[in-house]
**Student:** 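First the structure, which I've put down as structure tokens, then a few questions once you've had a look.
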Amino acid sequence: MARLIIVSNRLPMSLHSRPDGTYVLTQNIGGLSTAIGPYHKSHKDCLWVGWSGIDPTTRTEDEINAISDEFTRHRCIPIFLDSKQINGYYAGYSNDTLWPLFHDFAHEAKFDSLTWKAYEEVNEKFADTIAALANPDDTVWVQDYHLMLLPALLRARQPKLKIGWFLHIPFPSPEIFHQLPNGKELLEGLMGADLLGFHTEDFCANFLASVKSMLNLGIDKGGRISVQEDGRQRFVTVDAFPIGMDYGLYRRNARSSLAQAMRHGIEAFSGKRTRRVSTSLSAESRAAAEAEESWSAYTEDDLSEVKLAQSAAAKRGTRDNKVIVSVDRLDYTKGLPERLRAFALMLSRYPEWVGHVTYYLLATPSREGVESYRQLKEHVDQLVGEINGKYSLLSWTPIHYITRSLPIKPVCGIYSAGDVALVTPLRDGMNLVAKEYLASRDGRDGALVLSDQCGAASELTDAYIVNPYDTEAVCEALHSALEISSAEAKRRNAVMQARLKYRTASLWSTEFLSALRQVSDPRWADRRL
Ligand code: ADP
Ligand code: G6P
């Protein structure tokens, strides 16, 4: 029976050794595994090939066999890469060259012939593994920027395979793509596929413009590129497939008792549930006074913080406190420093929020082997510290900063507690967090502040759409989103939720795979000629 083989750099799960010598698998985070993981889980004829995350030189042969068996039990075929290969291909060419360049951070991109060599070598290794595994009538679905050479390498080894490739990040403008010394080879690598998918029409147009200027190939009006192979014509189709998410999964998890317990915990902690604003502040000032001497012992300076808090309370009256949330990998494309500056500006421009809005910032370190990511972590740590230091009151901290990676239910608990989700990447292919927030608030209010620089912005047009570089605009949108009426928020969300409910990750996979089946059928090519 023909099978589907999904291929990505990272498998959807990582394996960790327990002290007793057994292994445990945990879900990896990131848009790719969130979107395709459920499809792989529910389709028993589907295999997933990817990097194991384990350096084979640090393990015995028996251990490698046991690790392979554990992965295989979950229909995952691990590829083992040593630290030199990972430094060159993954930390180097994929994440220090392609990632920044494709996200319009050309100044961050490093060009190094050694990392390019490693990229070629690892793509070859993937091709060898898959060619040994695949039958001629199988379908191979390659994912993302780590494996752009793979389609042609596979086609050379197994010409009859149906090969698709999907890019989970933006494709840059031709001016930027031309800066890449090996750009032509990458485009040639992709020409081995039958179908190339991008999140948006704009990314398709950028890609076709680069193909047009760098490869001497014909492109028809439908976005089909014609390539010559062994004297025969073959077509490579390019199309947009905006990725969705599993709406029901997030809605269900947000309603689970664990997520609800987290929501209530966050609400109590941020003063939403158990305390009224004014009494909490007077309790705070009383406690401060009793702990030391009497009120008369305080100077005006000593009391300024209490006054600040009391005047904020007076302005806000008895309205509920609010919670802002965000969930990200700690990545410079996510715009975390810019977002934090906008939050700080809001506290200073609208002091009535001081003591009354708490920002839950979940930001998990990512790609720590890459220097720019380590620097970003330091920068975010420092900014959070500065903002908390400057604005904290005795019983209130503006930012709750969590750097662990959390499982889906607690993540849904955070979404569920968030009156506002602040999703402001500087550049992002799609951004699933924005969609997960809306699914977690199914039928409820809650406002989304969303960057205009991500694929999701063209679908979620009822959000507060902002330029993430414009600190003032983000500050004002955040303030308005916090002030939105429940009825208006529900009205906006209902429009977006209706779309997300329908355009799920599963529909996305099905549409891509049925398009791939169609375009790799030679009769289809004849019909279009
Ligand atoms: P990217 O693919 O660049 O990471 P997306 O927003 O498309 O960005 O997808 C991120 C995925 O990873 C989402 O499913 C999100 O819930 C998950 N995620 C991100 N950060 C965390 C975190 N700190 N803990 C748990 N899950 C996270
Ligand atoms: C993005 C990329 C994925 C990647 C994920 C996490 O979603 O498109 O390919 O897996 O980030 O990054 P990591 O480098 O940890 O795999």
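For reference, positions follow the sequence shown, starting with 1. Ligands are counted one by one from 1 in listed order, and the atoms in each one are counted from 1 as well. Both backbone and side-chain heavy atoms feed into the values below; hydrogens, waters and symmetry mates do not.
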**Student:** Tell me the protein heavy atom at minimum distance from atom 14 (O) of ligand 2, and give that distance in Å.
**Tutor:**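 Residue, atom and distance for the closest contact: Tyr90 OH, 2.5 Å.
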**Student:** Does the ring centre of Tyr93 sit less than 6.0 Å away from the ring centre of Trp116?
**Tutor:**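 Close enough - the centres of the two rings lie under 6.0 Å apart.
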**Student:** For atom 7 (O) of ligand 2, tell me which residue out of Pro365, Gly31, Ser8 has the closest non-hydrogen atom.
**Tutor:**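 The option holding the nearest heavy atom is Gly31.
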**Student:** Rounded to the nearest 0.5 Å, how far apart are CG of Asn493 and CG of Asp442?
**Tutor:**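 With rounding to 0.5 Å, CG (Asn493) is 9.5 Å from CG (Asp442).
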**Student:** Tell me: protein heavy atom nearest atom 3 (C) of ligand 2, and distance?
**Tutor:**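 Checking every protein heavy atom, the shortest distance to atom 3 (C) of ligand 2 gives Asp144 OD2, 3.3 Å.
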**Student:** Please determine if Ala363 has a nitrogen or oxygen closer than 3.5 Å to a nitrogen or oxygen of ligand 1.
**Tutor:**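 Ala363 vs ligand 1: no N/O contact under 3.5 Å.
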**Student:** Under 4.0 Å from atom 11 (O) of ligand 2, can you find at least one protein heavy atom?
**Tutor:**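 For atom 11 (O) of ligand 2 the answer is yes, since some protein heavy atom falls inside 4.0 Å.
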**Student:** Taking only heavy atoms of Thr34 into account, list the atoms of ligand 1 that are under 4.0 Å away from them.
**Tutor:**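 So the answer, numbered in order with elements, is 11 (C), 13 (C), 14 (O).
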**Student:** With a 4.0 Å cut-off on heavy atoms, does Arg329 reach ligand 2?
**Tutor:**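 Yes.
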**Student:** Report yes if some N/O of Leu362 lies less than 3.5 Å from some N/O of ligand 1; otherwise report no.
**Tutor:**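 N/O-N/O distance below 3.5 Å does not exist for this pair.
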**Student:** Looking only at N/O atoms, are Asp428 and ligand 1 under 3.5 Å apart anywhere?
**Tutor:**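 N/O-N/O distance under 3.5 Å: no.
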**Student:** Nearest non-hydrogen contact with atom 23 (N) of ligand 1 belongs to which option: Thr364, Ile29, Val327?
**Tutor:**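 It is Thr364 whose heavy atom sits nearest to atom 23 (N) of ligand 1.
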**Student:** Under the side chain to side chain contact (heavy atoms under 4.5 Å, CB included) rule, what do Val370 and Tyr373 come out as? Steps first, then yes or no, please.
**Tutor:** CA-CA 6 Å; Val370 183; Tyr373 285 74; 3.6 Å; yes
**Student:** Side chain, backbone, both or neither: which applies to Glu436 and ligand 1 if a contact is any heavy-atom pair less than 4.0 Å apart?
**Tutor:**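 Near ligand 1, Glu436 shows its side chain, while the N, CA, C and O stay back.
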**Student:** Are Tyr359 and Tyr401 an aromatic pair by the rule of ring centers under 6.0 Å?
**Tutor:**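 Centroid separation for Tyr359 and Tyr401: 6.0 Å or greater.
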**Student:** Before signing off on this row, confirm whether Lys334 and ligand 1 have an N or O atom pair separated by under 3.5 Å.
**Tutor:**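 Looking only at distances, the answer is yes, because the N/O contact criterion of under 3.5 Å is met.
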